[in-house]
**Student:** 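Please read through the structure below; I'll follow up with questions.
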Amino acid sequence: MANQLFVEIILPLALPGTFTYHISEQEKSQLQIGQRVSVPFGSKKLYTGIIHSFHQNKPELYKTKGIDSILDDYPLVTKFQIQFWEWMADYYMCTLGDVFRNAFPTALKWESETFIRLNDAINENYDELSEDEQILINSLGNKGLISINEASAIVNQKLVIKIVKSLWEKGWIRLDEVLKEKYSPKIERFVKVISELKSDGKKFNEAINSLKNAAKQREILLQLIVEETQSSKPIKISKFLKSFGGTHAVLNSMASKGILEIYELNTSRIGEIDNTQYEISSLTLEQEKALKIIENDFSNNKPVLLYGITSSGKTEVYIKLIEQKLKENKTVLFLLPEISLTSQMVLRIRKHFGETVGIYHSKFNQNERVELWEKTLKGDYKIIIGARSALFLPFQKLGLIIVDEEHESAYKQTDSKPFFHARDMALVLGNLFKLKVLLGSATPSLESFYNSKENKYGYAELLNRFGESKLPKIELIDLRKAMNQKEITGDISHKLRDEIQDVLNEGKQVIIFQNRRGFAPVVECMSCGHSPYCPNCDVPLTFHKFSNQIKCHYCGHSQAKPSKCSNCQSLELTTKGIGTEQIELQLNTIFPKARIARMDVDAMRRKNAYEKTIEAFENQEIDILVGTQMLAKGLDFSNVALVGVVRADSLLNFPDFRAHEKAFQLLTQVSGRAGRREEQGKVLIQTYNPDHQVLQNVTTYDYLKTVNEILYERKSFLYPPYVRLIQLTFKHIKKEKVDKVSGEFVKLMKNFLDEKHLLGPEEPSIGRIRNQFIRKVLIKIPENQSAKHIKQLVQKSLDSINTVQVYRSVRIDVDVDPH
DNA sequence: AGCACGCCGACT
DNA sequence: GTCGGCGTGCTC
């Protein structure tokens with residue numbers, strides 16, 4: 001008898017390794033590595049897995065099961081991807097299943113608990129369905145929503161997945177989106193002249209004649225024709241009416257006469273409609289030089305860091321490099337932090353390269369993700385622009401990865417495993433598959449800067465601003481002095497106030513940055529000093545004046561603002577500290593005539609609020625925009641003459657070894673929002689520490705000095721890039737347990753590490769979140785030891801802790817290279 | 001990670 | 001008496 005055949009399958013589970021299933025000769029002939037199968041696992045559950053490998057070694061410790069069905073007749077995952085996943089699981093100390101779960105689109109990972117429903121608009125032919133398919137469709141019609149598990153009770157159990165898949169592909173059913181769509185595409189109304197009017201002179205004359213008693217309509221028609229010939233951009237109704245005058249009623253009446261057409265568009269697709277090409281101007285000498293350096297280092301297989309200050313023309317260099325790769329018939333991945341995906345840069349690249357560009361957002365729904373996955377697999381795109389998750393697409397012939405804004409912490413995944421850093425993984429892909437990698441930033445991360453200094457990466461720079469534009473002037477305002485001299489009202493110094501007034505008088509706009517939302521961080525009793533705390537977390541609740549609530553920013557708990565102190569019943573409650581809401585209010589009092597808006601997560605919760613606010617600000621319907629981090633990034637406003645930072649100190653005093661680096665980056669970025677065109681903008685930073693070195697360096701734009709100072713600190717105190725870190729987080733509802741287990745872990749690790757390299761267990765500044773007590777342990781991998789070895793020791797210690805029953809319920813997260 | 005099983009407390 | 005809390009063990 002022939003040897004039995006087995007496959008190793010990757011399942012989306014937090015369990016180590018792959019899982020062994022037996023297959024028949026016939027199944028074997030239909031299977032390839034990377035192919036999708038559904039398999040039974042555990043009591044009754046079906047999972048979607050990926051074929052990892054084939055072998056003939058019968059496992060001795062357990063009985064194998066057979067596979068349920070083969071979902072596709074070709075692999076959806078490439079061998080390169082599997083290799084990459086394994087590398088990641090190993091590096092980030094998680095399971096292959098954790099990586100798979102994150103790297104593969106949810107809509108392609110069907111499980112017993114996946115819910116299906118009828119598609120709303122069905123125009124397919126019911127009679128062409130198989131009997132089983134019809135049965136399933138009928139019961140879906142009755143029940144509306146059922147799980148695949150339930151479906152297996154209705155139709156032939158062995159075939160469920162096949163039937164569901166077939167119906168899905170034919171468009172009869174859709175998978176229920178478990179994650180509710182947060183994003184609804186922004187629809188806008190546009191207008192265009194009926195095309196015959198423009199091509200047919202006779203028709204045109206008829207139309208003009210028919211409007212002889214309607215002067216305004218005639219005017220509008222002519223103006224629209226002018227605008228349409230000037231640019232092929234769709235004409236936004238709101239914008240047109242605003243600049244030209246007229247009302248919706250006029251347009252509607254013209255539309256009903258058959259002169260105009262009013263239509264709607266999803267604005268995220270405008271770039272696709274607009275087929276005017278973005279042509280890059282020829283490179284400046286500096287750009288040429290940078291390009292040469294990059295090419296040279298690429299040919300030596302080195303990644304390159306491109307340091308280019310704001311408006312220095314990084315985009316042009318990127319485009320040149322992309323063009324070169326396309327000529328070699330290679331594809332390109334362009335990574336951006338999520339927030340920048342709507343930026344000018346994306347639009348330009350999209351315009352320059354047209355249809356061959358695919359864009360990958362976290363806002364895309366599951367169907368769109370599947371589409372992008374499949375198109376990438378087929379090689380339909382030459383360029384993919386995306387956020388960190390785009391790293392996982394099944395690329396064909398990838399030749400270059402560009403990581404723009406490489407210093408952004410948004411590249412680090414922090415919400416679910418694997419806790420990877422997309423910039424680092426881009427470099428890993430580069431290394432594994434011999435790709436070129438370019439990192440770009442106006443404020444490179446210390447790691448990247450250090451690596452280029454150490455010659456691990458190449459280094460190119462763009463230090464001149466494009467055209468005439470000047471860097472904004474940055475000044476510090478000493479808050480202590482302002483306080484002493486009574487030159488401050490609330491939190492706005494008179495200097496800042498006066499400058500805002502000047503800018504408003506000139507009809508320019510202002511951005512005010514305050515890195516804390518809400519009205520005031522703390523409500524405090526004036527007689528006993530007590531503050532209300534979150535019942536689930538160890539943080540004081542933040543007061544939100546607008547809703548008159550106190551909220552927890554960690555777990556979302558909210559309650560009405562108490563009228564008296566819960567401790568001493570005193571009615572005298574006060575608020576301390578400042579948030580965006582309060583700044584907004586203060587500005588309203590100082591500038592009663594100014595139009596002021598606020599941009600933070602609270603104000604942006606409403607649908608499309610973000611887009612609306614941005615647009616209103618762009619259209620200069622807002623004079624002063626107050627906000628948090630949110631408005632520091634990726635936005636270009638041409639009319640902003642002044643940026644104010646209410647209090648820089650909170651940025652500097654963060655309990656985090658990256659605080660100074662981040663403060664410099666953030667303030668530099670915020671400053672970049674001021675005066676991006678011909679006029680020089682101004683930035684005013686209020687602070688209690690005007691002598692702080694980081695703030696001083698911000699005013700002089702001295703990136704290199706800052707970096708060298710911070711590198712010195714990092715070296716002295718043993719932090720990256722001089723050592724690598726592993727952070728362990730222990731969580732449990734019982735304090736004694738986290739203490740016990742984290743203490744036990746440290747005890748074990750003390751056998752291998754001295755106290756300089758093993759910190760904790762420590763209670764973090766917020767010691768409890770969502771009712772879970774938290775302890776942290778930080779491991780600094782000694783320079784003379786391999787990271788791999790230390791990770792093995794960590795794993796060994798964790799395994800040994802896991803052998804003790806009562807310890808197992810403590811949740812332990814391992815974060816390699818924490819941020 | 002799920003999920004089942006099994007053991008204890010607090011409810012109709 | 002049962003519902004449901006979570007500790008424990010197992011999954012190819």
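Letters go in sequence order (proteins before strands), and every chain restarts at 1.
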**Student:** Do I779(A) and L725(A) have side-chain heavy atoms sitting under 4.5 Å apart?
**Tutor:**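 They are not in side-chain contact.
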**Student:** Looking at residues 54-67 of chain A, who's got a heavy atom less than 4.0 Å off DNA chain C?
**Tutor:**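 By residue number: Y62(A), K63(A), T64(A), K65(A).
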**Student:** Is the shortest side-chain N to carboxylate O distance from K170(A) to E133(A) below 4.0 Å?
**Tutor:**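 Counted as a salt bridge, because a side-chain N and a carboxylate O are separated by less than 4.0 Å.
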**Student:** Enumerate the salt bridge (Lys or Arg N to Asp or Glu O under 4.0 Å) contacts for residues 11-24 of chain A, please, sequence neighbours excluded, ordered by first and then second residue.
**Tutor:**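 Output for this query is empty, none listed.
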**Student:** Regarding K162(A) and D132(A), does a basic nitrogen lie under 4.0 Å from an acidic carboxylate oxygen?
**Tutor:**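 No salt bridge links K162(A) with D132(A).
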**Student:** Go through residues 86-99 of chain A and report each residue with a non-hydrogen atom lying under 4.0 Å from DNA chain C, sorted by number.
**Tutor:**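 Listed by number, there are none.
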**Student:** Is there a side-chain contact between V77(A) and L377(A) in this structure, where contact means two heavy atoms from C-beta onward sitting under 4.5 Å apart?
**Tutor:**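 Of all side-chain heavy-atom pairs linking L377(A) with V77(A), none is under 4.5 Å.
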**Student:** Please give me every residue in residues 6-23 of chain A whose heavy atoms get under 4.0 Å of an atom in DNA chain B, ordered by residue number.
**Tutor:**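 The answer is A14(A), L15(A).
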**Student:** What is the first contacted nucleotide of DNA chain C and what is the last, in 5' to 3' order, if contact means an atom lying under 4.0 angstrom from a heavy atom of chain A?
**Tutor:**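 Using the under 4.0 Å cut-off, the span is dT8(C) to dC12(C).
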**Student:** Mind telling me whether F745(A) and F730(A) have parallel, tilted or perpendicular rings, with 30° and 60° as the class edges?
**Tutor:**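 Geometry flag for F745(A) against F730(A): tilted rings.
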**Student:** Which residues pass the side-chain contact (heavy atoms from CB on, under 4.5 Å) test with F752(A), not counting sequence neighbours?
**Tutor:**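 side-chain contact (heavy atoms from CB on, under 4.5 Å) check on F752(A) returns M749(A), L793(A), S797(A).
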**Student:** Does the Lys NZ or Arg CZ of K791(A) fall within the cation-pi geometry relative to Y91(A) - under 6.0 Å from the ring centre and within 45° of the axis?
**Tutor:**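 Here K791(A) passes the 6.0 Å and 45° test against Y91(A).
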**Student:** Apply side-chain contact (heavy atoms from CB on, under 4.5 Å) to the pair K165(A) and W110(A), showing each step before the final yes or no.
**Tutor:** CA-CA 9 Å; K165(A) 184 183 175 240; W110(A) 306 359; 3.5 Å; yes
**Student:** Do F6(A) and P59(A) touch side chain to side chain, with heavy atoms closer than 4.5 Å?
**Tutor:**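 When only atoms from C-beta onward are counted, P59(A) and F6(A) do touch, with a gap below 4.5 Å.
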**Student:** Of the non-hydrogen atoms in K737(A) and S809(A), which two are nearest, and what is the gap between them?
**Tutor:**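 K737(A) and S809(A) have their closest heavy atoms at NZ-OG, 3.2 Å.
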**Student:** What is the distance, to the nearest angstrom, from the CG atom on N802(A) to the P atom on dA1(B)?
**Tutor:**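 These atoms are roughly 10 Å apart.
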**Student:** For the residue pair L335(A) and Y411(A), establish whether any side-chain heavy-atom pair is separated by less than 4.5 Å.
**Tutor:**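 They are in side-chain contact.
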**Student:** Would you say K796(A) has more than 12 foreign heavy atoms packed within less than 6.0 Å of its NZ?
**Tutor:**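 No, because the 6.0 Å sphere around NZ of K796(A) holds 12 heavy atoms or fewer from other groups.
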**Student:** L46(A) CG to dG2(B) P: how many Å, rounded?
**Tutor:**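 About 15 Å, once rounded to whole Å.
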